[in-house]
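Quantities reported herein were computed from a predicted structural model and do not represent experimental measurements. Start at 1 with the first residue, then count along the sequence.
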Amino acid sequence: MKKNFLLAAMLLTGGFISSMFGQEKTLKVWPDKISGAIDDPSYKAQTITDNGWTRIDHVADPTLDFYPAPKEKSNGTAVVICPGGGYAVLAIDHEGAQIARWFNTMGITAFVLKYRLPSDKIMVDKTIGPLQDAQEAIRIVRRNAKEWNINPDKIGIMGFSAGGHVASTVSTHYNEKVYDVQDATSARPDFSILIYPVISMDSSITHMGSRENLLGKNPSPELVKKFSNELQVTKETPPAFLVCSTDDDVVPIQNSINYLMALKKAGVHAELHIYESGGHGYGMGRSKDTEINWPEACKKWLEARGLL
């Protein structure tokens with residue numbers, strides 16, 4: 001994690017923070033009270049660094065790290081990035097900041113969403129906490145599109161692993177009322193990018209840690225179906241670019257395949273890249289494995305969709 005983000009976090013006094021370099025800013029997703037939140041002063045975000053990996057847990061106050069595209073390159077497209085971590089932590093660096101900087105090289109403005117991780121300690125209904133944050137994140141970007149040189153019709157959502165579940169949830173539940181919205185701003189993403197994503201809550205193919213953290217140990221069949229996003233696809237679901245690897249032993253590739261097939265059935269544009277190797281959690285890719293090619297494939301897809 002960059003040092004300027006840490007400094008910015010310490011200087012937080014309102015809904016907007018400027019970083020020491022003036023290139024990145026952090027915004028509070030909820031400057032005022034969060035609907036359905038439970039106040040617990042002892043529940044505080046922690047940064048964990050282990051073997052070069054940086055993660056955050058106990059997120060109670062969600063934020064958006066703002067990475068504006070260079071003015072000379074900006075093409076009006078924006079992406080909200082949801083890091084993974086099994087709904088237990090956020091892999092904020094290799095599935096967040098690094099991805100945002102990559103988008104900037106293509107002229108895309110990026111936002112890393114530090115969403116709340118489901119917890120009964122800070123949420124009346126933990127199943128909707130991440131969805132609330134993702135819906136509002138899209139609305140924030142769309143409300144400020146003109147000021148931030150963004151096309152309001154080119155705002156996407158991206159997610160890795162459990163962050164892929166957040167992204168596919170807002171892609172299929174963007175109209176669900178999970179908090180009181182003060183205006184008519186749409187929370188529908190215009191496209192989605194899902195990297196080794198958790199899509200389903202079906203126990204036969206889901207990542208059980210993500211399922212238990214989001215839905216609890218014994219969720220009802222109705223709740224499982226509701227958050228199995230391959231079952232919630234309609235013709236209005238945004239186009240998707242998906243990536244997974246056959247040797248992923250954390251999130252079965254059936255998650256991506258089933259979502260692709262649901263999109264195809266609904267007549268929604270979608271593209272899936274299945275790599276032989278890579279495993280899980282590789283971010284931009286590992287140099288020794290084939291999945292390192294996904295960023296270039298994604299760039300081609302964005303070009304084909306008129307987003308670059």
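Ring planes of Tyr115 and Tyr87: perpendicular class, angle over 60° (limits at 30 and 60°). Using a 30° and 60° split on the angle between ring planes, His94 and Trp53 fall in the perpendicular class, above 60°.
Note that CG of Asn75 is 8.0 Å distant from OG1 of Thr109, once rounded to the nearest 0.5 Å. Once rounded to the nearest 0.5 Å, the distance linking CD1 of Ile38 with NZ of Lys126 reads 11.5 Å. Rounded to the nearest 0.5 angstrom, Ser256 OG and Tyr259 OH are separated by 10.5 Å.
The heavy-atom pair separating Ser210 from Val198 by the smallest distance is OG-CG2, 4.0 Å. Thr206 and Pro252 get closest at one heavy-atom pair: O-CD, 4.1 Å. Among all heavy-atom pairs drawn from Tyr179 and Ser35, the shortest one is CB-CB, 3.8 Å.
In this structure, Asn255 contributes its side chain and Ile205 its backbone to a donor-acceptor pair below 3.5 Å. Checked by atom type and distance alone, the side chain of Arg305 never pairs as donor or acceptor with a backbone atom of Lys300 at under 3.5 Å. Counting only distance, with no hydrogens or angles, the side chain of His207 and the backbone of Met201 share no donor-acceptor pair below 3.5 Å.
Residue pairs meeting the ring pair (Phe, Tyr, Trp, His ring centres under 6.0 Å) criterion with at least one member in residues 183-202, sequence neighbours excluded: Phe160-Tyr196, Tyr196-His280, Tyr196-Tyr282.
Asp65 and Thr26 form a side-chain donor-acceptor contact under 3.5 Å, judged by distance and modelled atom types alone. Side-chain polar atoms of Arg116 and Gln132 form a donor-acceptor pair below 3.5 angstrom. For the residue pair Thr169/Asn229, the side-chain donor-acceptor check at 3.5 Å is satisfied.
Asp183 and Arg143 are joined by a salt bridge, as a carboxylate oxygen and a charged side-chain nitrogen come within less than 4.0 angstrom of each other. Ion pairing of Lys28 with Glu136 is absent here, as no side-chain N (NZ or NE/NH1/NH2) approaches a carboxylate O to less than 4.0 Å. One finds no salt bridge joining Lys154 and Asp190 here, because no Lys/Arg side-chain nitrogen approaches an Asp/Glu carboxylate oxygen to under 4.0 Å.
Between Leu214 and His165 the shortest side-chain heavy-atom distance falls below 4.5 Å.
Partner of Phe111 under the side-chain contact (heavy atoms from CB on, under 4.5 Å) criterion, out of Ile155, Val141, Thr63, Ile140: Val141 alone.
No more than 12 heavy atoms of other residues, nucleotides or ligands sit less than 6.0 Å from atom CE of Met261.
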